[in-house]
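What you see is a predicted model, and the numbers here were worked out from it, not measured in a lab. Remember, it's 1-based here, ligands and their atoms both numbered in the order they're listed.
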Amino acid sequence: MSVAESVTLAALEADPHPTLHRLRAESPVAWVPAIDGWMVTSRELAVAAMRDSATFTVDDPRFSTARVIGPSMLSTDGAVHSRHRAPFVDPYGAARVHHDLGAWVEAEARRLVIDLQPASTAELRTTLAAPLAVATIIRSLGLTEVDPERLLRWYSVIVETVQAIAAGASDTRAGGAAFTELRVAVAETISAQGGSLLAETARADLSEAEVASNAAVIMFGAIETSEAATASALLHLLSHPDQLQAVRTDRTLLPNAIEESFRLEPAAASIDRYAVRSVGLGDVEIAERDYLSISLAAANRDPEVFTEPDRFDITRPNLRQHTTFVYGPHACLGIHLARIETSAALSAVLDLLPDIQIDATASAGPRGLVFRKPVAVQAHWNPG
Ligand code: HEM
């Protein structure tokens, strides 16, 4: 049996990296029966496919998100994609997010860590990374009138419906109802006084419904991924005491530590594309309508690009060449905000919990087929 034929969803969900290394060595583009599609595992071909949205599109009825929340920047290509994305580019650009949100995110991260301090132990994904991700996206969209618990409920119902449709279900009512509630909250935010990011985008070439679809995509894009990325960065750094010490001594190394963690465990392990025509990729011929899973997890550990790719090494010269935020027209809109969040969380931990140590036996690394996040990041410290 070939490696591609032996790939199982269970292996990809638990620890995909050994499987992905074997798959890449056999063929960097391989038909994998377990996903009923092609898996792309070399960095070079992954980047080529992501950049070529005219050939490998997201705009396909099998892409289940659009069936629950309507068309958005995530599910369209070409001119329609540009129209959906354009109003959000400046608000989520580096200058605006640093100016509008940088100090607020830092203060929120410190507030969360100060709350944790007296207990002398915590699981940091659920008590720091997750609440920071939710509070930040509410703040950034200006949905400040919405209770975070309500927002999370809409979010999880929409995610469940999207996943159920992907697995063959046809009933979109629960997700549709949650999306309608979100749409109402978006409409209220747009018409409220004071000027919010959503009101700004509604003045552009997008209807209110389209603004709501894109707001939902921004929530999808921001919550699980930022939680996972921050939790993984904490886990990686706290599990490598020598590199932790190097960052403590020279704080300018922190951005490298964060990017190296993004490389090793991308929060979205893969992205989906559909071939619009038959086309060669690497040594194989992809047929029109074929499904491709572009593995960011595999591209980020391609030994052709990264020496000793499985090692966490914050001095790696090319660690920024990871594909975690994707190349091409669908490159992550929230890349600057994601970096601010992870950096704020790690800085708050380093500043306020100077003797923090990981509880290795109670901690566990990432799991998940597409969205992967650490199971637990358990740590303890002296409450001071
Ligand atoms: C470390 C955290 C994050 C990771 C790993 C991540 C990853 C990704 C990936 C892989 C994509 C590409 C999806 C595709 O091509 O099919 C993407 C797109 C996107 N991300 Fe992020 N993301 C993160 C944080 C955020 C945040 C904080 C936001 C909030 C603004 C956000 C908003 C989006 C949006 C709106 C898209 C769709 C862009 C488009 O299709 O044009 N992401 N992200």
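Cation-pi check for Arg273 over Tyr291 is not met; the charged atom does not lie both under 6.0 angstrom from the ring centroid and within 45 degrees of its normal.
Remark: Glu285 CD is packed, more than 12 non-hydrogen atoms of other residues, nucleotides or ligands lying under 6.0 Å away. With a 6.0 Å radius and a threshold of 12 heavy atoms from other residues, nucleotides or ligands, Arg289 has its CZ atom at or below the threshold.
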Could you list each N/O atom of ligand 1 together with any protein N/O atom closer than 3.5 Å, one pair per line with the distance?
| from | atom 1 | to | atom 2 | distance (Å) |
| --- | --- | --- | --- | --- |
| ligand 1 | 15 (O) | Arg273 | NH1 | 3.4 |
| ligand 1 | 15 (O) | Arg273 | NH2 | 2.7 |
| ligand 1 | 16 (O) | Arg273 | NH1 | 3.1 |
| ligand 1 | 40 (O) | Met73 | O | 3.2 |
| ligand 1 | 40 (O) | His330 | ND1 | 2.6 |
| ligand 1 | 41 (O) | His81 | NE2 | 2.8 |
| ligand 1 | 41 (O) | Arg85 | NH1 | 2.8 |
| ligand 1 | 42 (N) | Gly221 | O | 3.2 |

Could you walk me through whether Arg183 and Glu208 satisfy the salt bridge (charged side-chain N to carboxylate O under 4.0 Å, His left out) test, starting with their C-alpha distance in whole Å, then the side-chain angles of each, then the deciding distance to 0.1 Å, before giving a yes or no?
CA-CA 8 Å; Arg183 253 178 86 167; Glu208 201 170 274; over 6 Å; no

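Here the side chains of Asn300 and Pro266 are in contact, with some heavy-atom distance below 4.5 Å.
Residues Phe262 and Phe325 place their aromatic rings such that the two centres sit under 6.0 Å apart.
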